[in-house]
K.L.:
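Pasting a structure here, questions to come.
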Amino acid sequence: MSQPFQQILPGSAIGVLGSGQLGRMFAIAARRMGYRVHTLSPESDTPTGQVADVEITAPYQDLDAVRRFAQGVSVVTFEFENVPAITAQTAAEFAPVRPGGMVLHTTQNRLREKSFLATHGLPVTPFRRVESPRDLRAALDELGFPAVLKTAGYGYDGKGQIKLTSPEQVASALASVPQQELVLEAFVDFQCEVSVIGARGLDDSFANWGVIENSHRNHILDVSVAPASVDERVASQAIEITRTVLEKLDVIGLLCVEFFLTKTGDLLINELAPRPHNSGHLTFDACVTSQFEQQLRAVCGLPLGSTEMLRPAAMANLLGCLWQNKEPNWRAACSFPDVKLHLYGKLTPKAGRKMGHLTALADSPERASQQVRQARAALTHAP
Ligand code: AMP
């Protein structure tokens, strides 16, 4: 008989690498279930630190601080996947790190991630590695225009990417991107963007919240709606792909797969995120078990909870530009009885910075989407 794995029970301390809003919502879910939360990141008074039991402020490369952090907890997880590999390795000497360092290593770099997906026969946007102007020209000859040039590492929310529409842009594009490994992707003329967030437990159990439909503005997620308006075939394919990615990467915890749905009805993977995802924030209010509680259950070796959606829902991000020198009209948004307000405790609103979100629950996804947009618009109304 196989050994039962050790469960990490309420009362234990959970370590979170990273200190943003994902860690904050994780900490809220964990504390509700009686766990303690320790966070480590280079900043202080952070969204996660404000609700954690212990906030350690140290660079990720400060391995003494990482050791102290890991010694004080029963398991380490993360809310920010760009922590250096050595940080996860050092933490792993003292506590299990879930998902493991290999998951981080693969998903931290677009080329590694895309190569991993292609090797496993999973559908991924056509791509080429670019290390020189010559590579770029050859890649453009193969993939054609338009195409998107992205940095292989540390890119998110459209940072470090340029759309190329004509050969004249090549020289200036190369000059404007940092000197590092790049990836050229075919530009996908998609019908819509969707995501599936999957959870995998230590016992190989799998859970997901179905397909979520996402719209972006300036490359940043703007509104997510669930359930997505895609047909059954697309939904079951997207879920199966997600399950396969979690299994092949051997994820214990959460992983989000972001897809393009092409105009011909095919799914192409754009990106993976091995943690709770912005498109899953609506699960906090709309589902029996949120993505954050599920991450906790998975990394603690507990049974996964039901992902049943209680009502259709929509989430709208609140970016720093909403502040524009004055406080948004919170009262106006709260006058929508089926809309929930989430703020992350960030002190300085900057354009493009995710400061909070609204979630609306309704009888249909369309109605939820309408409600959440109306509530967000109300934030700019004069009091
Ligand atoms: P990313 O940081 O790669 O997730 O890109 C952010 C957003 O830019 C995506 O959600 C898309 O809306 C858009 N985008 C990125 N890559 C492509 C592509 N190859 N084709 C079309 N749109 C893209």
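Whatever order the structure lists ligands and atoms in, that order sets their numbers, starting from 1.
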K.L.:
Keeping Asn208 on the side-chain end and Ile239 on the backbone end, is there a donor-acceptor pair under 3.5 Å?
P.N.:
no
K.L.:
Decide whether the shortest distance between a heavy atom of Ala147 and an atom of ligand 1 is less than 4.0 Å.
P.N.:
no
K.L.:
Between Phe190 and Phe260, how do the two ring planes meet: parallel, tilted or perpendicular, split at 30° and 60°?
P.N.:
parallel
K.L.:
Regarding atom 12 (O) of ligand 1: of the candidates Lys163, His216, Glu193, which has the closest heavy atom?
P.N.:
Glu193
K.L.:
With sequence neighbours excluded, tell me which residues meet ring pair (Phe, Tyr, Trp, His ring centres under 6.0 Å) with His105.
P.N.:
none
K.L.:
Tell me which one of Gln161, Lys150, Arg110 gets a heavy atom nearest to atom 16 (N) of ligand 1.
P.N.:
Lys150
K.L.:
For Ala235, which residues count as a side-chain contact (heavy atoms from CB on, under 4.5 Å) partner, sequence neighbours excluded?
P.N.:
Val211, Val230
K.L.:
Can Arg68 and Asp64 be counted as an ion pair, charged N to O under 4.0 angstrom?
P.N.:
no
K.L.:
Could you check which of Glu258, Glu271, His219 puts a non-hydrogen atom nearest to atom 7 (C) of ligand 1?
P.N.:
His219
K.L.:
Does Asp189 approach ligand 1 within less than 4.0 angstrom via side chain, backbone, both or neither, non-hydrogen atoms only?
P.N.:
neither
K.L.:
Looking at non-hydrogen atoms alone, which of Phe259, Phe260, Phe127 comes nearest to atom 23 (C) of ligand 1?
P.N.:
Phe260
K.L.:
Looking only at distance, does Val148 have an N or O less than 3.5 Å from an N or O of ligand 1?
P.N.:
no
K.L.:
Can you sort out which atoms of ligand 1 are near Phe190, meaning under 4.0 Å from one of its heavy atoms?
P.N.:
21 (C), 22 (N)
K.L.:
Rounded to the nearest 0.5 Å, what separation is found between the NZ atom of Lys114 and the CD atom of Glu271?
P.N.:
7.5 Å
K.L.:
Indicate the ring-plane relationship of Phe284 and Phe292, choosing parallel, tilted or perpendicular according to the 30° and 60° boundaries.
P.N.:
tilted
K.L.:
Which atoms of ligand 1 sit under 4.0 Å from any heavy atom of Asn270?
P.N.:
1 (P), 3 (O), 4 (O), 9 (C)
